[in-house]
Number of protein chains: 2
Amino acid sequence: MHRPDPTTDPCSLARGLAEVGDWWSLMIIREAMYGTRRFSDFQQNLGIARNILSDRLNKLVERDILRKVDAGEHGTRFEYRLTDKGRDLFVVLTALRQWADKWVFENEPPLLLVDRASARPVQPLQVLDADGQALKLHQVAIATN
Amino acid sequence: MHRPDPTTDPCSLARGLAEVGDWWSLMIIREAMYGTRRFSDFQQNLGIARNILSDRLNKLVERDILRKVDAGEHGTRFEYRLTDKGRDLFVVLTALRQWADKWVFENEPPLLLVDRASARPVQPLQVLDADGQALKLHQVAIATN
DNA sequence: CAATAAGGTTGCAAATCACAACTTAATTCC
DNA sequence: GGAATTAAGTTGTGATTTGCAACCTTATTG
């Protein structure tokens, strides 16, 4: 990927993509959100090659999205857990999930994201203005900070 | 990318990723949201190789995220425009943008997404339950539909 | 004390990507 | 009205990244 150096790109979208915008990274993050923590479990649940998994886990740890924790006292078993930064990707993954629910499955998704307490589906995400009004693409602009 | 065949994966996240989860595809979609429509303009604004751009544009058209429109009557000039499906990715890109604003730029993003009418920044996206209460990752579950 | 499991690393073949050059058709320039 | 330029690609070639399988090392288990 010889794209414009993301570490100097002023667009946060590009910077975000550079950190997590990769098939396996996102699948690992999804899996972590489902509760997976161990190398072997990621490997089996995702069917990913071990070297690729190793590489992605290291990168995600580098970027402070996962934390590598010693599990079992002897330094031979580890857990990879989401950091706050990683956990915050929940909104992003939810947005993509909802998009695909709507457009790929045409509103008949086989799996549904629900509120654990009430078992009712979560609301569709919306971009809101400062007064809480939903905004469409053509109603927004990019301003310099 | 030898990942589990996304066309049969019941997880909409995986299906969504298979459609747009690629650096260049997302940058093209971002660019399209900024108003870019022509092959040459995408090429120059993104600094992407022409064959890769050609490939990604074709795939995005295939997937009904962009529409290829004849501009100028003679079939030699074209425009690539977002479809409704493509435009709906606005929420996804906004979620990622906000995440990077917060975590990569540490709340000092150089560029800001604002409401065009009031020039005030848009609200941070939140996953809400059916009653409008914000939900955290650990409060949700996946249910079969 | 041999076998298995966890968590990797290494080597190699296959797929993907980037860059540059070429193509074709229309338009503008002189 | 011929020459140069622009739009929108396609093709070829080499570099990079990926995937798969095999190997390694340090516990634990039987």
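Chain identifiers are assigned alphabetically (A, B, ...) following the order of the sequence lines, protein sequences preceding nucleic acid strands; residue numbering begins at 1 within each chain.
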Looking only at side-chain N and O atoms, does B:Asp64 offer a donor or acceptor that is under 3.5 Å from a partner on B:Thr83? no

Looking at A:Asp84 and A:Arg87, does any basic side-chain N land under 4.0 Å from a carboxylate oxygen? yes

Length of the line joining B:Leu46:CG and C:dA18:C1', which is rounded to integer Å: 15 Å

Give the nucleotide from the list C:dC17, D:dT18, C:dC19 with an atom nearest to the side chain of A:Arg56. D:dT18

Shortest non-hydrogen contact from A:Leu135 toward A:Leu128: CD1-C, 4.0 Å

Shortest non-hydrogen separation from B:Val20 to B:Leu26 and the atoms involved: O-CG, 3.1 Å

With a 4.5 Å limit on heavy-atom distance, are the side chains of B:Asp55 and B:Trp24 in contact? no

Same hydrophobic cluster for A:Leu89 and B:Trp103, using side-chain heavy-atom links shorter than 4.5 Å among ILVMFWY? yes

How does protein reach along nucleotides 6-13 of chain D, written 5' to 3' as B (base within reach of a heavy atom under 4.0 Å), S (only sugar-phosphate), or - (no contact)? BSBBBBB-

Rounded to the nearest angstrom, tell me the gap between atom CD1 in A:Ile52 and atom C1' in C:dT16. 13 Å

Rounded to whole Å, please give me the gap between CD1 in B:Ile28 and P in C:dC17. 12 Å

Does a side-chain N or O from A:Trp24 land closer than 4.0 Å to OP1 or OP2 of D:dT18, or not? no

In whole angstrom, give the distance that lies between atom CD of A:Gln43 and atom P of D:dG19. 13 Å

I need the CG-C1' distance between A:Leu53 and C:dA6, as an integer number of Å. 12 Å

Expressed in angstrom and rounded to an integer, what is the separation of A:Ile48 atom CD1 from D:dA21 atom P? 15 Å

